[in-house]
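If you're wondering where the values come from, they're calculated on a predicted model, not measured in any experiment.
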Amino acid sequence: MSAVFNWKQCFDQLSPKLVLYARQLTSSASDADDVVQMAFVRWWRRFPEGDTENVPLLYAAVRTIALDLRRSDTRRTKRELVSEITLKSEDAPIFDPLPETKEIAAIVMDALSKLPEEQREVVTLKLWGGLTFQEIATAMGISINTVSGRYRYALNALQKQLTPMKNELVQETHAKPNNLLNFNHLQEAWS
Amino acid sequence: MNDHDIESLLQSLSPAKPSNALTKSVDHELEQDLSWVGTAKRAPNLNWFAPVMWTSLGAAAAVMVMGAMPVSLVNTGSPALSRVPSVMPVSTIREVMEAQNEGIQYNDVSRLPEQHVRLVSMERHAWIDPRDGAQITVEVPREDSVVLPVSFQ
């Protein structure tokens, strides 16, 4: 019965990150849930001990399944457009902010959504997935130089988008001194 | 605002927790796996005695089957997957690739109108052996002709 314990603990730890990554590749929250479910179950069957060394393979499985689903969705959308049935895409939040940090989260989400998908993928896997550049390269099937280049471009783009909003972010932080986000270093950097 | 600031800002936001539906679905699926694995473990290794035992058992079974069953049933084949439950069905998906409307036709016998639709689809069946993760996927192309009753108002 230790396997039951292992997978639940493992799922609690990994699933928020997996769902966040899947949301970058799918058009709706329900699709992301389906992708994460299939990937996690498949991964657990392959590695029932939940070994953390194999976590990059889990992200790779999420990516493969999401891209398969997208191809299938594209065909389905074409069919449904022909039959004049339109799809309504969902817009679920991808972060879980505290009430006082919702505006900050919205600004960051907006900035992230403007990145090209391949850059957003790398940023998500690096910052929230905690993967190394080498692991990301393996999961995405690209070279490590490409990964580091995309990450660099993504940070530059985010810097350009977020710097004009620094006042909003700092005011938000000052207005709510008890929030868990520590942006003091940001204020120092901007001053 | 340097790279470290951007990284800190982004990392300070926590990814949303998974939905309850997702947690329940994964829970349900893996519990099924575990219950299945518990009932379908590989037979223990019986070392040197095993070949002798299986040979004698096989011979005895063959004699019994040949003597008891009619000839017509001996050669009746059934799918290997159903005979040896070493794999578990995990999904059956039917994806409709194309739907052709063949219009309204009148039944030869009843003379009533009916709508004819031809559906081209692909069925995908997947099995998995939870003991080693081996997967089997079978794709079956299907073409169905569907007849729907029509009433004019």
For the atom pair [atom1] ([X]) and [atom2] ([Y]), what is the distance rounded to the nearest 0.5 Å?
| X | Y | atom1 | atom2 | result |
| --- | --- | --- | --- | --- |
| A:Gln159 | B:Asp3 | CD | CG | 6.5 Å |
| B:Ser12 | A:Ile104 | OG | CD1 | 7.5 Å |
| A:Leu127 | B:Leu10 | CG | CG | 5.5 Å |
| B:Ile6 | A:Leu162 | CD1 | CG | 5.0 Å |

Heavy-atom proximity to chain B below 4.5 Å, by part of A:Tyr21: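 Contact with chain B: none, neither part.
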Sort A:Val41 into side chain, backbone, both or neither according to what part of it lies under 4.5 angstrom from a heavy atom of chain B.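 Contact with chain B involves both backbone and side-chain atoms of A:Val41.
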Same apolar cluster (I L V M F W Y, side chains within < 4.5 Å links), [X]/[Y]:
| X | Y | value |
| --- | --- | --- |
| B:Val117 | B:Leu112 | no |
| A:Ile107 | A:Met109 | yes |
| A:Leu125 | A:Leu67 | no |
| A:Phe133 | A:Tyr153 | no |
| B:Val138 | B:Ile93 | no |

By side-chain hydrogen bond (donor to acceptor under 3.5 Å, both in side chains) - contacts of A:Arg42 (at least two apart):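 Here no residue qualifies.
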B:Gln105: partners by side-chain hydrogen bond (donor to acceptor under 3.5 Å, both in side chains), with sequence neighbours left out: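 For B:Gln105 there are no side-chain hydrogen bond (donor to acceptor under 3.5 Å, both in side chains) partners, ignoring immediate neighbours.
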Selection from A:Leu158, A:Val19, A:Leu112, A:Leu155 maximising heavy-atom pairs under 4.5 Å formed with chain B: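 When all of A:Leu158, A:Val19, A:Leu112, A:Leu155 are compared, A:Leu155 has the most.
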What option among A:Met38, A:Arg152, A:Lys126 has the most heavy-atom pairs under 4.5 Å with chain B?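 Looking at each option in turn, the highest pair count goes to A:Arg152.
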I need the minimum non-hydrogen distance between [X] and [Y], along with the two atoms involved.
| X | Y | answer |
| --- | --- | --- |
| B:Pro18 | A:Ser15 | CG-OG, 3.1 Å |
| A:Trp44 | B:Leu30 | CE3-CD2, 3.5 Å |
| B:Leu13 | A:Trp128 | O-NE1, 3.0 Å |
| A:Lys17 | B:Pro15 | N-CB, 4.3 Å |

Salt bridge flag under 4.0 Å for residues B:Lys17 and A:Asp12: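 Not counted as a salt bridge, because no side-chain N and carboxylate O are separated by less than 4.0 Å.
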